[in-house]
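Bear in mind that the values here come from a model prediction, so they are computed numbers and not experimental data.
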Amino acid sequence: MAILHEVQSRLRRAVAEAAGRSGLTLQEEAIHLEVPREKRYGDYATNAAMQLAKTFRRPPRALAEAIAGALDLEAAGLDKVEVAGPGFLNFFLKPDYLGDIIREILREKDRYGQGNAGGGRRVQVEFVSANPTGRLHVGHARGAAYGDALSRMLQWIGYDVTREYYINDAGNQVHNLTKSLEARYFQALGQDVPMPEDGYFGRDIVELAERMVREEGDRYARMDGGERYEALRERALEGMLAQIREDLERFRVRFDLWFSERSLYESGAVSETVDRLRERGWVYEAEGAVWFRSSSLGDDKDRVLVKGDGSYTYLTPDIAYHRNKFERGFDRIINVWGQDHHGYVQRIKAAVQALGYDPDRLTVQLCQLVALYRHGELVRMSKRTGNAVTMAELMDEVGVDAARYFLLRRSHDTHIDFDLDLAVSQSNENPVYYVQYAHARICSMLRQAEDRFRGEDLDARLAQSDFRVLVQDAERDLIRWLGFFPQEVEEAAESLSPHRVVHYIEELAKKFHSFYTSCRVLGEEPAVEAARLALVRAVQWTLRVGLDLIGVAAPEQM
RNA sequence: GUGCCCGUAGCUCAGCUGGAUAGAGCGUUUGACUACGAAUCAAAAGGUCGGGGGUUCGAAUCCCUCCGGGCACGCCA
């Protein structure tokens, strides 16, 4: 268990006991400990006295004084306690816990911060799920980075995570894709065939058609219509998916399951789902169509499930898919969608509820748009016009590390302005390098110290240092911050906020650089050198873990 | 028109689920390399947290309202 977690429990227990001795009732769990912004307010503070003031009808400061007076400093692990402001209790920890933090990290190494808050519960994260009708673009990259980092984090704190990509390989857009490929194919054979009106005009389909002509000649042209349609459809899906998979792999994103929409039709799950809804009384027929009475479950209006021509709307297989997710028994289901799908959330939640499942087990996280800027100008992206800025281009231009880092740096629900020039600039303006540089700097130091520890277990050896020599502000700030990591990761994961990990490591790098400038390491007297090397090593491990959680590399040199 | 998201320093954004004097990076200004990587550090200036009301010991945070921006509102997917 993380050191600070123990420190906090001990403190809470002592405060609750002190309150008890003062004739107050205070549950340990109800004591909210916070880290004050300013150092002079101590390591931890609590507003417990202010909370109690109302129930006991006494001034908060008097209550705080009473608790402080009754507090067993030794049992609480404190140097001192102060009452401040309107009735805050400010706690000043005995500094020996700082050494415990370093020892814990050197023991845990690349598992530092790993936890079991998830308790093995099963979570499914569905993300990207772009239609296989073209290359992935920058918006998908954001969803990919977000979903992937989220999955890594949830896994890290003990959830059993399944990453899933839902392939829309049935329905109208596949039809349009097939017709588009057909047209491009004939064009590639030199025939003047017009593109379908709803076709996909992307370069990638042209390229696929040309490749097919190169590799397979006119064999599709010789087929009869129906046969050709089937073959081209398979070829198109296969081609598009291969491309998508390739882009994602390069972006360091892998899925446990690629779930096919078509499989829901083939297994009969789609029609079964409509039957199920009907049995439960959520379906009616009107104007020649089959409707879902979603408006009585919070949706704006009722939705069509089966169109007048007998075919299903997009919604219906999607409901079937979500039914399938719940049938697989996930404790929690997380969908990562683009902001433009937000109108869809209520519909799916209504459907989940109508099927008898708990809609609160489903969370839909909407990623806001990404606007690209190059040379200060907005770069428009449009899949249809062929001017799309694809995910592949983004990776070509700024690299995977910078792309992931910038996309994850901001909360998923805020609009991002992505400055391409900044992301590639190898300068102090670029936060990716700032963090990576801290890691590379540490590697360089440890390389130089290597000969002192030849043949020894570096971490075990360093952990034996006497950490009481670390008394500088810069050292203690840094160690304290290292100690926050496990809790920070847990909170970031539970609140589905990878950007908090980014902020954490950025702050860690900042504190490290600051320490580096004010505290010499190599060549100091042996006891100080050893303790500082241990600290530096602890920072290295923590940076590695943090960077890995967001899928960014921790380079040994730059 | 209806619904969702957003509005915090010149710019881009944090703000730990209600706490103390609202933070960071960039940009601007000033300073620091004859020892561990200057892709770095130290410091300064910069704010009526969109406006107005409310809830309370206490609000950037919760509620109402207005203003401004984005997105969505198909028997498309």
### Task
Name the nucleic acid region contacted by Ser411(A), choosing base, sugar-phosphate or nothing; use a 4.0 angstrom heavy-atom cut-off, strictly under.
sugar-phosphate
### Task
Report the C-alpha distance between Tyr44(A) and Phe91(A) in whole Å, list the side-chain angles of each, state the deciding distance to 0.1 Å, and finish with yes or no for ring pair (Phe, Tyr, Trp, His ring centres under 6.0 Å).
CA-CA 5 Å; Tyr44(A) 286 104; Phe91(A) 305 109; 8.0 Å; no
## Note on the structure
So the salt bridge (Lys or Arg N to Asp or Glu O under 4.0 Å) pairs with at least one residue in residues 482-495 of chain A (sequence neighbours excluded) are Glu488(A)-Arg500(A), Glu491(A)-Arg500(A)
Hey, what's the ring geometry for [X] with [Y], parallel, tilted or perpendicular (30° and 60° as the breaks)?
| X | Y | value |
| --- | --- | --- |
| Phe406(A) | Phe418(A) | tilted |
| Trp337(A) | His341(A) | tilted |
| His503(A) | His499(A) | perpendicular |
| Trp481(A) | Phe484(A) | perpendicular |

#### Entry: Phosphate OP1/OP2 of A20(B): any Arg37(A) side-chain N/O under 4.0 Å
yes
### Task
Check whether any side-chain N or O of Ser514(A) sits under 4.0 Å from OP1 or OP2 of A42(B), and answer yes or no.
yes
### Task
Would you please test Tyr166(A) and Phe127(A) for side chain to side chain contact (heavy atoms under 4.5 Å, CB included) and show each step?
CA-CA 8 Å; Tyr166(A) 179 59; Phe127(A) 58 111; over 6 Å; no
With hydrogens left out and only the distance checked, is there a donor-acceptor pair under 3.5 Å joining [X]'s side chain and the base of [N]?
| X | N | result |
| --- | --- | --- |
| Asn90(A) | A20(B) | yes |
| Arg40(A) | U21(B) | yes |
| Asp300(A) | G3(B) | no |

Please report the distance separating the [atom1] of [N] from the corresponding atom of [M], rounded so that it comes out in whole Å.
| N | M | atom1 | value |
| --- | --- | --- | --- |
| C63(B) | G7(B) | P | 14 Å |
| G74(B) | C6(B) | C1' | 27 Å |
| G51(B) | G69(B) | C1' | 16 Å |
| A20(B) | U34(B) | C1' | 47 Å |

Between [Y] and [X], is there a side-chain donor-acceptor contact under 3.5 Å, judged purely by atom types and distance?
| X | Y | answer |
| --- | --- | --- |
| Tyr314(A) | Glu261(A) | no |
| His175(A) | Asp198(A) | no |
| Thr273(A) | Arg323(A) | yes |

### Task
Extract the stems that RNA chain B is part of, considering only consecutive pairing runs of at least three Watson-Crick or G-U wobble pairs, both distances under 3.5 Å.
B:1-7 with B:67-73, B:10-13 with B:23-26, B:28-32 with B:40-44, B:50-54 with B:62-66
Expected rows: protein N/O vs nucleotides 45-50 of chain B N/O, under 3.5 Å:
none

### Task
Output the single nucleotide from A20(B), G15(B), U40(B) whose closest atom is nearest the side chain of Arg500(A).
G15(B)
### Message
Using heavy-atom distances to pick each residue's nearest nucleotide on RNA chain B, tell me which of His499(A) and Gln448(A) is more 5'.
### Response
His499(A)
### Message
Check Glu475(A) with Arg520(A), please: is the shortest side-chain N to carboxylate O separation under 4.0 Å?
### Response
no
### Query
Between C76(B) atom P and Tyr312(A) atom OH, what is the distance in whole Å?
15 Å
### Query
Looking at the rings of Tyr165(A) and Phe259(A), which for Trp means the six-membered one, are their centres under 6.0 Å apart?
no
### Query
Can you name the salt bridge (charged side-chain N to carboxylate O under 4.0 Å, His left out) partners of Arg452(A), sequence neighbours left out?
Glu529(A)
Close N/O contacts between protein and nucleotides 4-11 of chain B (under 3.5 Å):
{"from": "C5(B)", "atom 1": "O2'", "to": "Gln368(A)", "atom 2": "NE2", "distance (Å)": "3.0"}

### Message
Give the residues of residues 167-182 of chain A touching RNA chain B, defined as any heavy atom closer than 4.0 Å, sorted by residue number.
### Response
Asn172(A), Gln173(A)
